[in-house]
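Just below is one structure, and these are the notes that go with it.
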Protein chains: 2
Amino acid sequence: MSQDARLSRVLHVLIHLSLRNRTMSSAEIAKMLSINPVVVRRMMAGLRDRGYLQTTRGSSGGWYMALELDEITVNDVYEALNEPNLLITGLAHDHPTCPVEASVNDMLNNVNAEAELLVLRRYRATTLADLAQDAMKK
Amino acid sequence: MSQDARLSRVLHVLIHLSLRNRTMSSAEIAKMLSINPVVVRRMMAGLRDRGYLQTTRGSSGGWYMALELDEITVNDVYEALNEPNLLITGLAHDHPTCPVEASVNDMLNNVNAEAELLVLRRYRATTLADLAQDAMKK
DNA sequence: TTTATATGTGATAGTGTTTGTTACATTAGG
DNA sequence: CCTAATGTAACAAACACTATCACATATAAA
């Protein structure tokens, strides 16, 4: 399957929005990411709904930050994207009564759950301010 | 994105092949998994190439184990599937010189790498015999 | 030797998710 | 009013796994 770059893109945008401390239109953001403005609006809608961003319509409207970078974690952004799947490895459920299938799937489920926990733990421990500070050092 | 059930399916098949200790045709395996025989042949080809399985063509041909279950790890099977991607979270590479993008991607890369390492460590530590033994207890 | 039955593999379509694009209603500043 | 922005619906494109058909090749068994 293919991959999902929304988290990477949205984090990038949020930090720029905060550093520039001004409103940016979807078109301006889209050009920055080399993607389509409609895709920008779609992927940022959840962040507006959760109060991390605000938008204004009409002329000279656009997107601006509603919180500081240290008030938002990577996990907050991940959840605002509707918590997309993290892992590709899926389970086959063809013989629900087969103990071999159950044993295989239990193992894969455990491994996936551990990996997911690790990722989410890191997401929760990282604020956007941490990322911005890291960027300053480059 | 959608997910990839090949690892789950192949592990299931290998354990059955070994427990039954006989040749099974692609059609028989396909019925067991409720999938198409051609898909079976394709997803098991790498295992044959690596010597975990053998095939015979012609009448009464099919697939049989070439090794014991305790000689194969989950990681061996994963590699025989050509090491498909484990994680969905991808990186955006639109502004290679932007330090913010670099900082975001470094973080995501580190997290992904750690999660992948965890998964592969578990895959390497688990033999098919472990899974079969676990299935016996159910 | 012929026949039936396998695998091996190319070609093409189906499926689900992200991304691309168009279209248009809605909103708001100048 | 006019311009420029968001909000969304609708639908196509891209991508990977899966489904299916077709057929060459191989081989056991009659």
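Hydrogens, waters and symmetry mates are skipped; everything else that's a heavy atom, side chains included, is used. Predicted model, so just to flag it, every value in this text is computed and none were measured. Numbers restart at 1 for each chain; the letters A, B, ... are given by sequence-line order, proteins then strands.
Looking at heavy atoms from C-beta onward, A/Thr89 lies out of side-chain contact with B/Ser8 at the 4.5 angstrom threshold.
Nucleic acid contact for A/Ala45: none, since no nucleic acid atom lies under 4.0 Å from a heavy atom of the residue. Residue A/Gly58 is classed as a base contact, given a heavy-atom separation below 4.0 Å to a base. Backbone-only contact: B/Arg6 has heavy atoms under 4.0 Å from sugar-phosphate atoms and none from a base.
A distance-only check finds a donor-acceptor pair linking the side chain of B/Tyr78 to the backbone of B/Pro84 [under 3.5 Å].
Residues A/Glu28 and A/Arg22 are paired through a salt bridge, judged by an N-O separation under 4.0 Å between the basic side chain and the carboxylate. Salt bridge absent: A/Arg124 and A/Glu79 never bring a charged side-chain N and a carboxylate O closer than 4.0 Å.
Out of D/dA24, C/dA11, D/dT3, the shortest distance to the side chain of B/Arg57 is found at D/dA24. Candidate nucleotides D/dA9, C/dG20, D/dG7 were compared by shortest atom distance to the side chain of A/Val38, and D/dA9 ranks first. Comparing atom distances between the B/Ser59 side chain and each of C/dT5, C/dT7, D/dT6 picks out C/dT5 as nearest. With C/dT9, D/dT8, C/dG20 as the candidates, the nucleotide lying closest to the side chain of A/Val39 is C/dG20. Across C/dT21, D/dT8, D/dA19, the shortest atom-to-atom separation from the side chain of A/Arg41 is found for D/dT8.
If you take CD1 of A/Ile29 and C1' of D/dT6, they are 11 Å apart, rounded to a whole angstrom. For A/Ile35 and C/dT19, the CD1 to C1' distance is 8 Å, given to the nearest whole Å. For the pair B/Leu91 CG and C/dT19 P, the interatomic distance rounds to 12 Å; values are reported in whole Å. To the nearest angstrom, C1' of D/dA16 lies 15 Å from CG of B/Leu86. One can place CD1 of A/Ile88 at 13 Å from C1' of C/dG16, the figure rounded to the nearest angstrom. Rounded to whole angstrom, the span from the CZ atom of A/Arg42 across to the P atom of C/dA23 amounts to 16 Å. Straight-line distance from the CD atom of B/Gln54 to the P atom of D/dT27: 13 Å, rounded to whole Å. At whole-Å resolution of the value, CD in B/Gln3 and C1' in C/dT17 are 11 Å apart.
Heavy atoms of other residues, nucleotides or ligands lying less than 6.0 angstrom from CD of B/Glu71 number more than 12. By the neighbour-count criterion of 12 heavy atoms within 6.0 Å, atom CD of B/Glu68 is sparsely surrounded, having that number or fewer from other residues, nucleotides or ligands.
For B/Ser60 and B/Pro84, each mapped to the nucleotide of DNA chain D holding its nearest heavy atom, the one lying further toward the 5' end belongs to B/Pro84. When the nearest nucleotides of DNA chain D are assigned to B/Thr56 and A/Trp63 by heavy-atom distance, the more 5′-ward of the two goes with A/Trp63.
Dashed line: the shortest gap from a side-chain N or O of A/Thr55 to OP1 or OP2 of D/dG7 is under 4.0 Å. A close approach under 4.0 Å does occur between a side-chain nitrogen or oxygen of B/Asn36 and OP1 or OP2 of D/dT20. Between A/Arg48 and D/dT6 there is no side-chain N or O to OP1 or OP2 distance below 4.0 Å.
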